[in-house]
Amino acid sequence: MRAVDIIQKKKEGKAHTKEEIDFLIKGLMDGTVEDYQMSSWLMAVCFQGLNEDETAYMTEAFINSGEILDFSDISDTVADKHSTGGVGDKVTIILIPLLAALGVKCAKLSGRGLGYTGGTVDKLESIPNFKCQLEDKDFKAQIKNIGAAISAQTPNLTPADGKIYALRDVTATVDNKSLICASVVSKKIASGANIIVLDVKYGSGAFIKTKEEARELADLMIRTGAKLNRKIEAVISSMEQPLGTHIGNSLEVIESVEFLKGNYNKDLYEIVFEIAGHTLILAKIAKDFNEAKAMIDEAIKSGSALQKLKEIIKAQGGNPDCTDNYNLFNVGKNKFELKAEKEGYIAKLDALNIAKACKLLGAGRDKKTDSIDFGAGCILHKKTGEKIKKGDTLLTLYWNDILPQKIEEAKGYAALAFEYSPVQPEAEPIIYREKEILK
Ligand code: URA
């Protein structure tokens, strides 16, 4: 078998056998398939697609590139969640300590930023000295001791996804449903979790642009999980505007801490509540969403969820004092405030333009070897539907050291993100509810 023939076959739109997919993934891992060959195959997949069998083969090959963790000696129920990627999506940083504080063991495998979307690993690494690259034994020990751990892929956990994820990020091969499915589902199965709740995002700031496509992706992930004997639940949510108010690595950790202190944005609360509610019910800790809500609110009010976040930060080498002293984050020392040009309402706040602005300021990567500025990003002061007066501050951009030309470009994208209306636009729900997805 030769990689070039497999690439040619996909270019011609033909379906692969399991052996061909295994050959590619094993070859990538042992160096007999080069990064450029894999990138070329990924692009062919974006044009020609993978069928459901090929998607399941790829998911399995990712899982088999490492180990599957087993928590049966710790707990009967271990939860994991994953988002298909968005702008300002800091749900994991809030949800994992929240669930752990309520007694759900959480084994969370996360990724770095991908395309214009942020990644939990980058966000958490903005906490000085926080380590995401956990050894399997440390990951497991931490879950046993404090109830939760958040790790990146390791040489033992879906390393093939780790490599391909980094290639997809910089070769415009992210937004294919099968590639997203294999990447997400493999990590969730390898993490050893038996409660898996996915947040499938659609809209301007997501890889999937419409509700209908998000539903297809959710279905594909549920069916791929079932083929590999794992039950998966999915929530479908909007990413037309950024989630919450802070975008950028350090800034998103700060917003997460504020959330756990009880200062939260309504949309962010709704998604955290939806995913936490599903998980608490599946873990048989809450009998229904009403009971789950009371528990979630109490974990925030009592400070137990924040305390759990501090424990996670400490266990993974970070300084938990950062939750009280935001100066420990290197938030951009330079600022620019964008002002409203007229009176009226925010008709649209485009997530993609905000993400482009933040990436230009240093919050994301162009090449897989690029370093990022954890302190770069923005805070939104107005969101879709809000009333504004001329001169109101719409957002503040933050950055450290970048070229003046990039700053100007970033300001341009930030301004483009806002559309105005003289009348209040109808509020779009953040969660797309469709019974058949949630069953
Ligand atoms: N998150 C992942 O882990 N992989 C994807 O492909 C998209 C989002």
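Read the numbers this way: they start at 1 and go in the same order the structure lists the ligands and their atoms. Predicted model only: the values in this text are computed from it and were never measured.
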To check your reading of the model: name the closest protein heavy atom to [atom], its residue, and the distance in Å.
atom	value
atom 8 (C) of ligand 1	Thr84 O, 3.4 Å
atom 1 (N) of ligand 1	His82 NE2, 3.3 Å
atom 3 (O) of ligand 1	Lys187 NZ, 2.6 Å

Distance-only donor-acceptor check, side chains Asp350 and Ser204, under 3.5 Å: yes

Polar contact flag, side-chain donor to acceptor under 3.5 angstrom, Thr92-Lys81: yes

Looking at [Y] and [X], is there a salt bridge between them, counting it only when a charged N and a carboxylate O are closer than 4.0 Å?
X	Y	result
Lys18	Asp22	yes
Arg365	Asp122	yes
Asp73	Lys140	yes

From Arg230, Lys188, Lys187, residue fulfilling salt bridge (charged side-chain N to carboxylate O under 4.0 Å, His left out) relative to Asp80: Lys188

4.0 Å heavy-atom contact, Ser83 with ligand 1: yes

Any N/O pair Ser183/ligand 1 closer than 3.5 Å: yes

Atom indices of ligand 1, in the order listed, that fall short of 4.0 Å to a heavy atom of Arg168: 5 (C), 6 (O)

Contact atoms of ligand 1, heavy-atom distance to Tyr165 under 4.0 Å: 2 (C), 3 (O), 4 (N)

